[in-house]
Amino acid sequence: MKLHKLSGLLVAAVAALAVACANQMEPAQKALDGLNNAVTAADAAGASRYVADQFTAVQGKVGELKAAFDKKDYAAVLAGAPAVLSEAQGLIGATIARKDEAVKAAMAEWPVLAGALPQLVAAVKSRVDVLGKSRRLPEGVDLEAAKTGLAD
């Protein structure tokens with residue numbers, strides 16, 4: 001009789017565990033989907049280019065949560081997902097800040113380049129003129145292409 005009660009209790013415990021796991025599976029899957037969407041949005045914003053180290057770290061953490069999900073450790077996924085989601089969403093802000101820095105650096109460098117460009121063009125034009133007067137062109141030099149390129 002005790003064996004019968006014990007086996008009934010064991011079956012009830014297994015059923016309760018199965019229900020609990022099934023109840024956590026759907027929220028864990030939704031959490032992973034949200035993480036994937038956040039990482040995709042960050043990558044679309046340029047995170048893999050501008051904040052590559054942070055982006056790689058977040059991808060690694062998402063991979064760990066996916067591995068936990070595959071092992072049916074839904075509680076670990078649900079526990080870790082909010083922090084990783086926060087990091088993934090933070091990638092967009094970090095990407096925008098890094099892009100702004102790059103644009104400011106390019107804008108600061110532009111006046112120097114713009115000032116040097118006319119001199120460079122004049123030097124190229126002078127060289128093309130010299131080559132045009134020469135009887136024999138150096139090997140591999142296409143004078144017509146150089147003239148066209150200079151005009152462009």
Side-chain angles (χ1 to χ4, degrees), residues 13-152:
V14 168
L17 182 62
V19 169
C21 286
N23 288 341
Q24 287 184 338
M25 185 175 118
E26 188 176 326
Q29 182 63 52
K30 286 182 181 179
L32 284 177
D33 292 342
L35 285 172
N36 287 330
N37 291 339
V39 169
T40 300
D43 192 23
S48 60
R49 178 177 175 197
Y50 290 100
V51 288
D53 53 341
Q54 294 172 0
F55 183 72
T56 302
V58 169
Q59 281 185 315
K61 291 176 183 179
V62 171
E64 291 171 7
L65 291 176
K66 286 180 183 178
F69 183 85
D70 292 341
K71 292 177 186 175
K72 299 184 183 194
D73 188 1
Y74 306 126
V77 174
L78 292 172
V84 177
L85 181 61
S86 177
E87 286 182 50
Q89 290 170 337
L91 286 174
I92 294 174
T95 300
I96 290 169
R98 190 70 56 93
K99 276 184 184 180
D100 287 345
E101 289 173 13
V103 167
K104 286 178 185 175
M107 295 300 283
E109 190 176 356
W110 178 247
V112 174
L113 294 174
L117 191 61
Q119 295 169 348
L120 292 172
V121 171
V124 170
K125 183 179 181 332
S126 171
R127 182 68 179 145
V128 169
D129 290 344
V130 168
L131 287 173
K133 293 176 185 175
S134 121
R135 291 184 185 187
R136 191 166 171 225
L137 294 174
E139 187 177 323
V141 173
D142 183 358
L143 186 59
E144 291 306 314
K147 287 179 180 180
T148 304
L150 185 60
D152 288 346

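Computed from heavy atoms alone, side chains included, the values below leave out hydrogens, waters and symmetry copies. Every value quoted in this text rests on a predicted model; they were computed, and no experiment measured them.
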Taking 4.0 angstrom as the limit, do Asp100 and Lys104 come out as a salt bridge?
no
Can you tell me if Thr148 uses its side chain to pair, donor with acceptor, with the backbone of Glu144 under 3.5 Å?
yes
For Gln24 and Ala75, the nearest pair of non-hydrogen atoms, with its separation, is OE1-N, 3.7 Å
Show the nearest heavy-atom pair for residues Asp43 and Ser48, with the distance to one decimal.
OD1-OG, 2.7 Å
Test Lys125 against Asp129 for salt bridge (Lys or Arg N to Asp or Glu O under 4.0 Å), laying out the working first.
CA-CA 6 Å; Lys125 183 179 181 332; Asp129 290 344; 3.2 Å; yes
Using every non-hydrogen atom in the two residues, find where Gly115 and Pro118 come nearest and quote the distance to one decimal.
O-CD, 3.5 Å
Of the non-hydrogen atoms in Met25 and Phe69, which two are nearest, and what is the gap between them?
O-CE1, 3.8 Å
Working to the nearest 0.5 Å, report the span between CG of Leu78 and CG of Leu32.
8.5 Å
Tyr74 OH to Gln29 CD distance, which is reported to the nearest 0.5 Å:
9.0 Å
Looking only at atom types and distance, does a side-chain atom of Thr40 sit under 3.5 Å from a main-chain N or O of Asn36, one as donor and one as acceptor?
yes
Search all heavy atoms of Ala45 against all heavy atoms of Lys99 and return the closest pair with its distance.
O-NZ, 2.7 Å
Could you give the distance from CD (Gln89) to CG (Asn37), rounded to the nearest 0.5 Å?
10.5 Å
Shortest non-hydrogen contact from Val77 to Leu65?
CG2-O, 3.3 Å
